[in-house]
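Before any comments, here is the structure.
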Amino acid sequence: MRPRLRLTILLPIAVLVVGVFEVAWGQTAPIQGLETLTPEERAIAERNLERWQKLTPEERARALENYRRWKSMTPEERQAARQNYRRFRELAPEQKARILQDFQRWNDLPEERRQELQKSYDRFQQLPPERRERLQQRFGQWESMSPEERERVLRNQERWRQMSPDERDRIRERWRQMPPEERERLREQRQRHRGP
């Protein structure tokens, strides 16, 4: 092959090879962790690339879970979350610490227990307002009890549970039949027995 013809063929090939290497050298390595994201999630991660790269895989998974939960919320739920966050930021440091500690305890619970508690909370929210108020008052009373008083209440509750439905109905009916003065006297007697 003549040198001129060889140069004519090899030069374009050489330029092409050099061009490919130049493009390859100019590119950065793919960013780890972005390959599984949706285009929208990827765009957010790329806008916050330095922070994204500093996260551990677990932190990235948690950030994605939180972002996806946020995206699934209604506008009202998002507004409530923003308000809660604003209120949290305005709390005293010790209140914030207590809330974060409670949140950590919640996260440490087994999933079944969290679901059970969530269902109880949902049932509570469905109650009529007066019933919720009564329960909150009773909880306040429980909180103010001494350990001995709580123990006595728990024993009484256990006795109540062990009664037959007929026995419970008879006691309820007797209470309903009791004159208001007698009920009040029993309440006062119970208060005196409990102490100040």
Quiz: residues 160-167 side-chain donor-acceptor pairs under 3.5 angstrom, not counting sequence neighbours:
from: Gln162; atom 1: NE2; to: Glu158; atom 2: OE2; distance (Å): 3.0
from: Ser164; atom 1: OG; to: Glu167; atom 2: N; distance (Å): 3.1
from: Ser164; atom 1: OG; to: Glu167; atom 2: OE1; distance (Å): 3.4
from: Glu167; atom 1: OE1; to: Ser164; atom 2: N; distance (Å): 2.7

With a 4.5 Å heavy-atom cut-off, do [X] and [Y] have their side chains touching?
X	Y	answer
Leu100	Gln104	no
Leu37	Trp52	yes
Glu184	Met178	no

* Any chance you could measure Thr38, atom OG1, to Leu64, atom CG, to the nearest 0.5 Å? =>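 Reported to 0.5 Å precision, the distance equals 8.5 Å.
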* Ser72 OG to Tyr67 OH distance, which is reported to the nearest 0.5 Å ->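 Taking OG in Ser72 and OH in Tyr67, the distance rounds to 11.0 Å.
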Show me the side-chain donor-acceptor pairs of residues 125-134 shorter than 3.5 Å, one per line, residues at least two apart or across chains.
from: Arg132; atom 1: NH1; to: Gln125; atom 2: O; distance (Å): 3.0
from: Arg132; atom 1: NH1; to: Leu127; atom 2: O; distance (Å): 2.8

* **Any residue meeting salt bridge (Lys or Arg N to Asp or Glu O under 4.0 Å) with Glu50, in chain and number order, not counting sequence neighbours** =>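 Partners of Glu50 under the salt bridge (Lys or Arg N to Asp or Glu O under 4.0 Å) test: Lys54.
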* Asked: salt bridge (Lys or Arg N to Asp or Glu O under 4.0 Å) with Glu58: which residues, sequence neighbours excluded?
  ->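 By the salt bridge (Lys or Arg N to Asp or Glu O under 4.0 Å) rule, Glu58 matches no residue at all.
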Report the residues that fulfil side chain to side chain contact (heavy atoms under 4.5 Å, CB included) with [X], sequence neighbours left out, ordered by chain and then residue number.
X	answer
Glu148	Ser146
Arg123	Lys119, Ser120
Asn156	Arg152, Arg159
Glu76	Thr74

* To do: Indicate, with yes or no, if Leu154 and Phe139 share a hydrophobic cluster defined by side-chain heavy-atom contacts under 4.5 Å among Ile, Leu, Val, Met, Phe, Trp and Tyr.
  =>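 Yes: a chain of side-chain contacts under 4.5 Å links Phe139 to Leu154.
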* Using side chain to side chain donor-acceptor pair (under 3.5 Å) as the criterion, list what pairs up with Asp169, not counting sequence neighbours. =>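 Listed in chain order: Arg172.
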* Partner residues of Glu59 under the side chain to side chain donor-acceptor pair (under 3.5 Å) criterion, sequence neighbours left out ->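 Side chain to side chain donor-acceptor pair (under 3.5 Å) check on Glu59 returns Thr56.
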* Please report the closest heavy-atom contact between Met73 and Ala81, naming both atoms and the distance. =>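 Taking Met73 first and Ala81 second, the nearest heavy atoms are CE-CB, 4.0 Å.
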* Asked: Which pair of heavy atoms, one from Met145 and one from Val153, lies closest together, and at what distance?
  ->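 That would be CE-CG2, 3.6 Å.
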* How would you list all residue pairs meeting salt bridge (charged side-chain N to carboxylate O under 4.0 Å, His left out) that involve residues 105-115, not counting sequence neighbours? ->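 Output for this query lists Asp102-Arg105, Glu111-Arg114, Arg113-Glu116.
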* Is Glu182 paired with Arg185 through a side-chain N to carboxylate O contact shorter than 4.0 Å? ->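 Yes, charged N to carboxylate O under 4.0 Å.
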* Asked: Counting only N and O atoms by type, is there a donor-acceptor contact under 3.5 Å from the side chain of Arg150 to the main-chain atoms of Glu143?
  ->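 Between the backbone of Glu143 and the side chain of Arg150 there is a qualifying donor-acceptor contact (under 3.5 Å).
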* side-chain hydrogen bond (donor to acceptor under 3.5 Å, both in side chains) partners of residues 86-100, not counting sequence neighbours, each pair once ->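 Listed once each, the pairs are Asn84-Arg87.
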* Taking atom CZ of Arg138 as the centre, does the number of heavy atoms from other residues, nucleotides or ligands within less than 6.0 Å exceed 12? ->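 No, CZ of Arg138 has 12 or fewer neighbouring heavy atoms, counting only those of other groups under 6.0 Å.
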